[in-house]
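The structure presented is a predicted model; accordingly, all values stated were derived computationally and were not measured.
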Amino acid sequence: MYPTKWLSKASTGERVACDLRMRIISGQIESGSILSENKLAADYGVSRSPIRDALKKLANENIIRLERMGAVVVGLTEKEIEEIYDVRLLIETFVFERLVRMETKNLVKELSKILEMMKIAIKYKDADEFSYQDVLFHETIIRSINHSYIMMIWNNAKPVMESFILLSMRVRFEEKYDDLARIVKNHELYIEAINTKNRDIMIQSLHLNFDDVQGKVDDLWRSQQMLSSEREQQK
């Protein structure tokens with residue numbers, strides 16, 4: 001479920017973690033399921049060592065609970081997803097305040113290029129590429145202030161958030177394609193806020209982007225329903 005091209009430099013354990021994370025967040029692996037190290041090693045054709053590495057990563061993200069020879073799937077609640085976006089809101093609000101005092105000309109150019117890539121992804125109906133560029137857009141803003149502890153918080157939240165965005169955008173491209181133009185407009189407002197250093201525009205851009213979270217939550221639940229329906233049909 002996780003795009004192969006995003007894993008070119010990933011270790012075996014990271015590859016397994018990415019796939020399991022997507023399957024858990026999508027609901028393909030349901031909450032309460034037991035993950036056996038031996039079975040996962042057989043399923044992925046790897047030794048138990050990378051499986052243990054993958055399970056440790058997912059346990060640190062609170063989507064599984066480690067047991068003696070495997071793990072129990074915990075999954076994510078709607079509240080927890082909204083809390084992830086609370087963290088993003090806190091980070092990006094802090095970053096915007098730093099950017100007011102910085103030279104942002106080069107950042108604006110870089111963000112404009114990323115936004116063009118997002119538009120191309122929409123044109124070719126490539127939800128995965130759009131998701132990649134969307135995450136890159138926000139990460140580029142956060143990296144621009146060169147704050148190591150802010151980046152540490154971002155990197156801890158990124159794996160779950162990235163999977164969540166990817167799943168919700170796949171549904172959005174299928175069912176709400178016309179809404180993508182509005183998302184592009186929201187990102188254009190981000191760039192304008194950074195370029196003008198206007199706090200009112202910054203507040204507006206944050207408000208518009210993070211009000212979109214509920215829509216993404218709905219998209220994720222829709223994705224889970226679709227996968228559940230497919231499982232029932234297969235049975």
Counting distance only, does the side-chain N/O of [X] pair as donor-acceptor with the main-chain N or O of [Y] below 3.5 Å?
X      : Y      : result
Arg21  : Leu58  : no
Glu162 : Pro159 : no
Lys197 : Met102 : yes
Asp134 : Phe130 : no
Ser36  : Lys39  : yes

If every non-hydrogen atom of [X] is compared with every non-hydrogen atom of [Y], which pair is closest and at what distance?
X      : Y      : value
Ala127 : Met169 : CB-O, 3.8 Å
Val74  : Ser31  : O-OG, 3.0 Å
Asp53  : Gly13  : CB-CA, 4.5 Å
Ile64  : Ala71  : CD1-CB, 3.7 Å
Gly75  : Ile24  : CA-CG2, 3.9 Å
His187 : Ile183 : ND1-O, 2.8 Å

For the atom pair [atom1] ([X]) and [atom2] ([Y]), what is the distance rounded to the nearest 0.5 Å?
X      : Y      : atom1 : atom2 : value
Ser144 : Glu110 : OG    : CD    : 9.0 Å
Met151 : Asn146 : CE    : CG    : 9.5 Å
Ile194 : Ser205 : CD1   : OG    : 7.5 Å

- prompt: Near Lys109 NZ, under 6.0 Å, is it more than 12 heavy atoms from other residues, nucleotides or ligands?
  reply: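 At most 12 heavy atoms, drawn from other residues, nucleotides or ligands, come within 6.0 Å of this atom.
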For residues [X] and [Y], determine if any side-chain heavy atom of one lies less than 4.5 Å from a side-chain heavy atom of the other.
X      : Y      : result
Phe173 : Ile122 : yes
Met161 : His138 : no
Leu35  : Ile29  : yes
Val87  : Trp154 : no
Tyr190 : Leu206 : yes
Val16  : Leu55  : no
Val160 : Ile81  : no
Leu166 : Trp6   : yes

Between [Y] and [X], does any NZ, NE, NH1 or NH2 come within less than 4.0 Å of an OD or OE carboxylate oxygen?
X      : Y      : value
Lys158 : Glu139 : yes
Arg170 : Glu174 : no
Lys119 : Glu116 : yes
Glu83  : Lys79  : yes
Lys5   : Glu129 : yes
Asp19  : Arg23  : yes
Arg199 : Glu97  : yes

- request: Assert yes or no for the condition that the ring centre distance of Tyr85 to Phe164 is strictly below 6.0 Å.
  value: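 Yes; Phe164 has its ring centre under 6.0 Å from that of Tyr85.
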Do [X] and [Y] share a hydrophobic cluster, counting only Ile, Leu, Val, Met, Phe, Trp and Tyr and linking them when any side-chain heavy atoms are less than 4.5 Å apart?
X      : Y      : answer
Leu136 : Val184 : yes
Val73  : Ile84  : yes
Phe96  : Val100 : yes
Ile150 : Leu89  : yes
Met118 : Val108 : yes

Contacts of type side chain to side chain donor-acceptor pair (under 3.5 Å), residue Tyr132, not counting sequence neighbours: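 Checked Tyr132 against side chain to side chain donor-acceptor pair (under 3.5 Å); zero matches.
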- request: Could you go through the salt bridge (Lys or Arg N to Asp or Glu O under 4.0 Å) check for Glu92 and Arg88 one step at a time?
  value: CA-CA 6 Å; Glu92 295 195 35; Arg88 270 193 60 186; 3.2 Å; yes
